[in-house]
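To start, the structure under review is shown below, and the notes come after it.
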Amino acid sequence: MTANINLPRILRIGAEASQMLPATLKELGLSRPLLVSDAFIVSLGWLTKLQQQLDQEGIFHRSFTGVVPDPTTDAIYEGLAVLRENQHDCVVALGGGSAIDTAKTIAAMAERDQPIRHYKVPQTLDDGLPIIAIPTTAGTGSETTRVAVITDTETHEKMLCMGFGLMPVAALVDFELTMTMPLRLTADTGIDSLCHALEAYVSRRANPFTDTIALASMTAIAKHLRTACREPDNRVAREAMMLAATQGGIAFSNASVTLIHGMSRPIGGLFHVPHGMSNAMLLPAITEWSISGAPSRYADCARAMQLANASDSDDQANQKLVAGLRQLCADLQVPTPASFGISNEEWRQAIPTMAQQALNSGSPANNPRIPNAEQIAELYQGVWTN
Ligand code: NAD
């Protein structure tokens with residue numbers, strides 16, 4: 001099999017990388033950026049800082065700050081209107097996955113006139129304005145993926161959009177921007193990264209390039225996530241988590257996510273559970289169900305996360321993996337759908353729609369054990385209190 005790898009052209013990783021926007025624009029021959037961010041990031045003063053740097057270099061810019069969590073089609077159309085007013089030649093995202101996905105979709109829709117839902121998978125968005133991503137969570141890895149996840153305002157479906165037009169041309173990955181993340185956001189986004197790495201490693205589309213990156217990401221997250229949650233000022237843990245998140249993005253964008261993400265998106269779209277948290281609600285149970293499809297791959301994950309050692313059999317390692325994931329979710333106080341406040345009635349009624357949306361996204365087909373709609377429905381029912 002030939003692995004087909006896509007990456008940003010420029011990746012700057014480390015403290016102060018986010019201050020290199022003017023230099024990066026010049027390097028790429030770009031001169032009229034639209035900056036995309038959300039109100040909370042604006043309140044932290046980071047957008048103003050970027051704007052001042054651009055002013056100092058005489059670079060024309062405007063901003064769209066209407067990003068909403070789990071970005072909606074309505075928010076994208078608002079941003080597109082701002083883009084079209086000023087003939088921008090690129091879009092810069094400053095924020096978490098929501099800001100990055102908003103910027104990506106605005107950039108890819110710049111010259112398109114069909115509704116966004118027209119372009120969800122299996123369609124592709126293969127061109128658009130250049131995108132520069134500056135992530136502030138560790139995280140979705142969206143800064144290195146050719147993916148955007150957009151919620152249809154009318155149907156509430158969390159749509160998966162894919163294509164080369166969604167791959168940032170540059171990513172400025174600066175862990176110092178994550179030092180302000182509160183515990184819940186640190187935990188949820190960290191588990192999102194862990195799911196990216198683990199799912200990429202067990203995916204039917206895994207390849208030797210993504211394998212090494214996914215394993216490195218899992219090792220770092222297992223070592224540093226609890227510390228980053230407990231000690232928000234710990235620079236070593238924050239830096240390691242930021243790198244692991246970017247690696248998770250590279251791994252899954254080039255190997256695909258699997259059943260956890262496939263089942264997670266509908267929970268986010270219908271019940272507004274934060275993305276990383278809905279992944280976490282599913283992580284132990286879906287891993288346990290999937291292990292029989294690729295036991296030795298899951299055992300590698302257990303060893304990479306130091307949950308098992310070399311002398312454990314694959315079977316022992318996999319039991320330790322499931323127990324270790326359950327412990328991690330308990331330590332990070334991940335709720336169940338029930339304790340999050342979703343009633344059993346609402347959950348049961350939503351299951352057929354969620355199962356269908358999960359299957360339609362294509363992600364379950366990359367799972368080592370491929371489920372049908374009935375099995376997905378049973379898995380949803382199983383995780384409600386578990
Ligand atoms: P987010 O971008 O939705 O941000 C959540 C909240 O955290 C916002 O209020 C934001 O202002 C705040 N925040 C962001 N950075 C902060 C910081 N440094 N300090 C304090 N607060 C901060 O959260 P996210 O988890 O990064 O992104 C989730 C979205 O990304 C979902 O829509 C998900 O579907 C999507 N996603 C996309 C990809 C991809 O490859 N495109 C991958 C995974 C997830």
Side-chain angles (χ1 to χ4, degrees), residues 6 8 18 36-47 65-73 75-76 93-105 107-108 121 125 131 133-152 157-163 165-168 171 173-197 199-200 228 232 238 241-242 245-246 248-257 260-262 264-269 272-280 361 363:
N6 299 288
S18 60
V36 173
S37 196
D38 69 40
F40 187 74
I41 298 292
V42 173
S43 76
L44 293 173
W46 294 340
L47 185 69
T65 57
V67 169
V68 294
D70 294 326
T72 57
T73 45
I76 307 292
L94 174 69
S98 297
I100 300 175
D101 285 5
T102 301
K104 287 177 164 188
T105 312
V121 293
L125 285 164
I131 301 150
I134 309 177
T136 63
T137 60
T140 66
S142 179
E143 66 275 10
T144 58
T145 74
R146 56 194 160 85
V147 175
V149 187
I150 304 298
T151 300
D152 190 321
E157 181 185 357
K158 235 179 149 181
M159 302 180 293
L160 183 63
C161 299
M162 293 186 76
L166 298 169
M167 171 62 81
V173 183
D174 182 347
F175 75 89
E176 290 188 330
L177 298 182
T178 67
M179 307 285 298
T180 48
M181 285 203 297
L183 190 152
R184 190 71 260 147
L185 186 63
T186 304
D188 291 345
T189 53
I191 294 196
D192 189 21
S193 307
L194 177 60
C195 290
H196 292 155
E199 290 176 74
R238 291 292 198 187
M241 283 304 301
M242 191 56 150
T246 297
I250 292 172
F252 96 77
S253 186
N254 291 292
S256 181
V257 281
I260 296 173
H261 267 75
S264 170
R265 287 183 215 103
I267 302 176
H272 305 291
V273 178
H275 176 69
M277 185 185 282
S278 57
N279 286 334
S361 74
S363 305

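Numbers here are sequence positions counted from 1. Just follow the structure's listing: the first ligand is 1, and inside any ligand the first atom is 1.
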Quiz item: Would you say the side chains of Thr140 and Asp192 form a donor-acceptor pair under 3.5 Å?
Solution: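 No, Asp192 and Thr140 have no side-chain donor paired with an acceptor closer than 3.5 Å.
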Quiz item: Any luck finding a side-chain donor-acceptor pair between Glu143 and Thr246 under 3.5 Å?
Solution: yes
Quiz prompt | Audit row: Ile76, Ile150, side-chain contact (heavy atoms from CB on, under 4.5 Å) steps and yes/no | solution = CA-CA 9 Å; Ile76 307 292; Ile150 304 298; 3.9 Å; yes
Tabulation required: pairs of a nitrogen or oxygen in ligand 1 and a protein nitrogen or oxygen under 3.5 Å; columns are atom names and distance to 0.1 Å; otherwise 'none'.
residue, atom, partner, partner atom, Å
ligand 1, 2 (O), Gly97, N, 3.2
ligand 1, 2 (O), Ser98, N, 3.0
ligand 1, 2 (O), Ser98, OG, 3.4
ligand 1, 3 (O), Ser98, OG, 2.5
ligand 1, 11 (O), Asp38, OD1, 3.1
ligand 1, 11 (O), Asp38, OD2, 2.9
ligand 1, 15 (N), Thr136, O, 3.4
ligand 1, 15 (N), Thr136, OG1, 2.7
ligand 1, 18 (N), Thr136, O, 2.9
ligand 1, 18 (N), Leu177, O, 2.8
ligand 1, 18 (N), Thr180, OG1, 3.2
ligand 1, 19 (N), Thr180, OG1, 2.8
ligand 1, 26 (O), Gly97, N, 2.8
ligand 1, 26 (O), Thr137, OG1, 2.7
ligand 1, 27 (O), Gly97, N, 3.2
ligand 1, 32 (O), Asp70, OD1, 2.9
ligand 1, 34 (O), Lys158, NZ, 3.2
ligand 1, 40 (O), Thr145, OG1, 2.7
ligand 1, 41 (N), Asp101, OD1, 2.8
ligand 1, 41 (N), Asp101, OD2, 3.2
ligand 1, 41 (N), Ser142, OG, 3.1
ligand 1, 41 (N), Val147, O, 2.8

Quiz prompt | Identified side-chain contact (heavy atoms from CB on, under 4.5 Å) counterpart of Thr136 within the set Asp38, Leu44, Thr178, Ile41 | solution =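 Only match with Thr136 under side-chain contact (heavy atoms from CB on, under 4.5 Å): Ile41.
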Quiz item: Stepwise, does the side-chain contact (heavy atoms from CB on, under 4.5 Å) test hold for Thr73 with Thr151?
Solution: CA-CA 6 Å; Thr73 45; Thr151 300; over 6 Å; no
Practice problem: With sequence neighbours left out, write down each residue that passes salt bridge (Lys or Arg N to Asp or Glu O under 4.0 Å) with Asp70, or none if nothing qualifies. | Solution: Lys158
